[in-house]
**Q** 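Let me begin by handing over the structure; questions about it come next.
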Amino acid sequence: MVDVPVDQLTGVVDGVRTRARGQLLDAALELFGVYGYAQTSEQDLCETAGVPAEVLWEEFGSREGLLMALHNQITTSGLRAAEVALLSEGMDDCPVEQRFRRLFDAYVSAVTRDLREARVTFVEVLGVSPAVDAHCKRWRDLWTDFLTGEAERAAVRGEVEERDHRVVVMVMVGTVHELMAHHARRPRRARPDEVTEELTKLGLAMLGVETAG
């Protein structure tokens, strides 16, 4: 019998688990994003992913846990895209309207390039359970922190009024998600630039900034 090092065995097991997680996330994107969360069973997910039900339970705990993991994956890509835009060349010198436009453009492009991702992120997570509601609230709070920072930066530059912007930004974030859900449900897909324009005007109007257009 050939002895196999423990670390080599561990690496093989980790690789198998990583592939299984990826297969389940891919299956969830396809089934939740095309047919809907309510219409998809755990059996459907496991059959599509080609893994036993035990793998779903071990890796995600439940169908609901898989939904939240997929939502995390998609929403993280949107936040990362906005962060990259925020750190891009010339961003510090942009007026507030252009900064918001670039941030929203990066976010919208990231979360709408795949219609299935948009549906999962803005439609299929709604009303699933208190746990999913709490999960989505944590993401809204994160976005509120992110955009409040941008509003405060604009206030320091004299582009918006000096005040506590957090409450306004909280309302803005909720409204942005409602608008994104509206676009995700529409049979005719709005162009990313149309959505960006709409969100930019909304955000700036709520902060009391008049747009050029």
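Worth saying up front: this structure is predicted, and the values here are computed from it rather than measured.
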**Q** Honestly curious: do Tyr107 and Val171 fall in one hydrophobic cluster under the side-chain, below-4.5 Å linking rule?
**A** yes

**Q** Which heavy atom of Ala28 sits nearest to which heavy atom of Leu45, and what is that distance?
**A** CA-CD2, 3.7 Å

**Q** Taking side chain as C-beta onward, heavy atoms only, is Val120 less than 4.5 Å from Tyr37?
**A**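 Val120 vs Tyr37: side chains apart.
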
**Q** Hey, are the side chains of Leu25 and Phe60 touching, using non-hydrogen atoms and a 4.5 Å cut-off?
**A** yes

**Q** Would you compute the distance between atom CZ of Phe32 and atom CG of Asp44 and round it to the nearest 0.5 angstrom?
**A** 9.5 Å

**Q** What I'd like to find out is whether the side chain of Glu42 reaches to under 4.5 Å of the side chain of Ser62, using heavy atoms alone.
**A**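 A side-chain contact under 4.5 Å exists here.
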
**Q** Which atom names give the shortest non-hydrogen contact between Asp133 and Arg140, and what distance separates them?
**A**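 Here Asp133 and Arg140 meet closest at O-NH2, 4.4 Å.
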
**Q** Which residues satisfy the ring-ring contact (aromatic ring centres under 6.0 Å, His included) test with Tyr35, sequence neighbours excluded?
**A** none

**Q** Checking the side chain of Ser88 only, and the main-chain atoms of Ala85 only, is there a donor and an acceptor separated by less than 3.5 Å?
**A**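 Yes, Ser88 side chain to Ala85 backbone: donor-acceptor pair under 3.5 Å.
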
**Q** Could you report the tightest heavy-atom contact between Ala181 and Phe122, atom names first, then the distance?
**A** CB-O, 3.2 Å

**Q** Between Glu150 and Leu86, is there a side-chain heavy-atom distance shorter than 4.5 Å?
**A** yes

**Q** Take Met180 and Leu199, measure what side-chain contact (heavy atoms from CB on, under 4.5 Å) needs, and give me the verdict at the end.
**A** CA-CA 9 Å; Met180 294 299 292; Leu199 296 183; 3.8 Å; yes

**Q** Under the salt bridge (Lys or Arg N to Asp or Glu O under 4.0 Å) rule, what pairs show up with a residue in residues 23-37, not counting sequence neighbours?
**A**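 Listed once each, the pairs are Glu30-Arg116.
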
**Q** Determine, for Arg113 against Glu117, whether the closest basic-nitrogen to carboxylate-oxygen distance falls under 4.0 angstrom.
**A** no

**Q** Could you list the donor-acceptor pairs under 3.5 angstrom formed between side-chain atoms of residues 65-75 and any protein atom two or more places apart in sequence or on another chain?
**A**
from, atom 1, to, atom 2, distance (Å)
His71, ND1, His135, NE2, 3.0
His71, NE2, Thr75, OG1, 3.4
Asn72, OD1, Trp139, NE1, 2.6
Thr75, OG1, His71, O, 2.8

**Q** Check this for me, if you would: do Asp141 and Lys137 make a salt bridge, where the nitrogen-to-carboxylate-oxygen distance has to be below 4.0 angstrom?
**A**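 Yes, charged N to carboxylate O under 4.0 Å.
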
**Q** Does anything in residues 156-181 pair up under salt bridge (Lys or Arg N to Asp or Glu O under 4.0 Å), and if so which pairs, sequence neighbours excluded?
**A** Arg99-Glu159, Asp145-Arg166, Arg157-Glu159, Glu161-Arg163

**Q** Kindly determine whether Asp114 and Leu29 satisfy side-chain contact (heavy atoms from CB on, under 4.5 Å), including the steps that lead there.
**A** CA-CA 10 Å; Asp114 187 324; Leu29 177 61; 4.2 Å; yes

**Q** If you draw a 6.0 Å radius around CE in Met170, do more than 12 non-hydrogen atoms from other residues or ligands fall strictly inside?
**A**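 Check fails, neighbour count at 12 or below.
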
**Q** Verify side-chain contact (heavy atoms from CB on, under 4.5 Å) between Glu54 and Trp57, making sure each step is shown before the conclusion.
**A** CA-CA 5 Å; Glu54 290 79 5; Trp57 303 332; 4.3 Å; yes

**Q** May I ask whether Leu115 and Val111 are part of the same hydrophobic cluster, defined by side-chain heavy atoms of I, L, V, M, F, W, Y residues being less than 4.5 angstrom apart, directly or through others?
**A** no

**Q** Could you give all pairs that pass the salt bridge (Lys or Arg N to Asp or Glu O under 4.0 Å) test and reach residues 57-66, with sequence neighbours left out?
**A**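 Those involving residues 57-66 are Arg17-Glu59, Arg21-Glu59.
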
**Q** For a quick test of reading the model, state the closest non-hydrogen atom pair linking Met91 to Leu103 and the distance between them.
**A** CE-CG, 3.9 Å

**Q** Return yes if some donor-acceptor pair links the side-chain N/O of Glu197 with the main-chain N/O of Glu194 below 3.5 Å, else return no.
**A**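 The answer is no, because no donor-acceptor pair under 3.5 Å joins these two groups.
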
**Q** Roughly how far, to the nearest 0.5 Å, is the CD atom of Glu83 from the CG atom of Leu87?
**A** 7.5 Å

**Q** Please tell me whether Glu198 and His183 have a donor and an acceptor in their side chains that are separated by less than 3.5 angstrom.
**A** yes

**Q** Report the distance from atom OG1 of Thr196 to atom CZ of Phe104, rounding to the nearest 0.5 Å.
**A**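 If we round to the nearest 0.5 Å, Thr196:OG1 and Phe104:CZ are 9.0 Å apart.
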
**Q** Cluster question for you: counting only ILVMFWY and a side-chain heavy-atom cut-off of under 4.5 Å, with indirect links fine, are Leu79 and Val84 together?
**A**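 Per the 4.5 Å side-chain linkage, Leu79 and Val84 are not co-clustered.
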
**Q** What are the two closest non-hydrogen atoms of Ala20 and Val51, and how far apart are they?
**A** CB-CG1, 4.2 Å

**Q** With a 3.5 Å distance limit and no angle check, can you tell me whether Glu124 reaches the backbone of Arg119 through a side-chain donor-acceptor pair?
**A** no

**Q** Not counting sequence neighbours, list each pair that qualifies as a salt bridge (Lys or Arg N to Asp or Glu O under 4.0 Å) and has a residue in residues 167-177.
**A**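 Sorted pair list comes back empty.
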
**Q** How close do Ser77 and Ala110 get, heavy atom to heavy atom, and via which atoms?
**A** O-CB, 3.9 Å

**Q** Starting at OG1 of Thr200, measure out to CZ of Arg101 and round the result to the nearest 0.5 Å.
**A**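 So the OG1 of Thr200 and the CZ of Arg101 are separated by 4.5 Å.
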
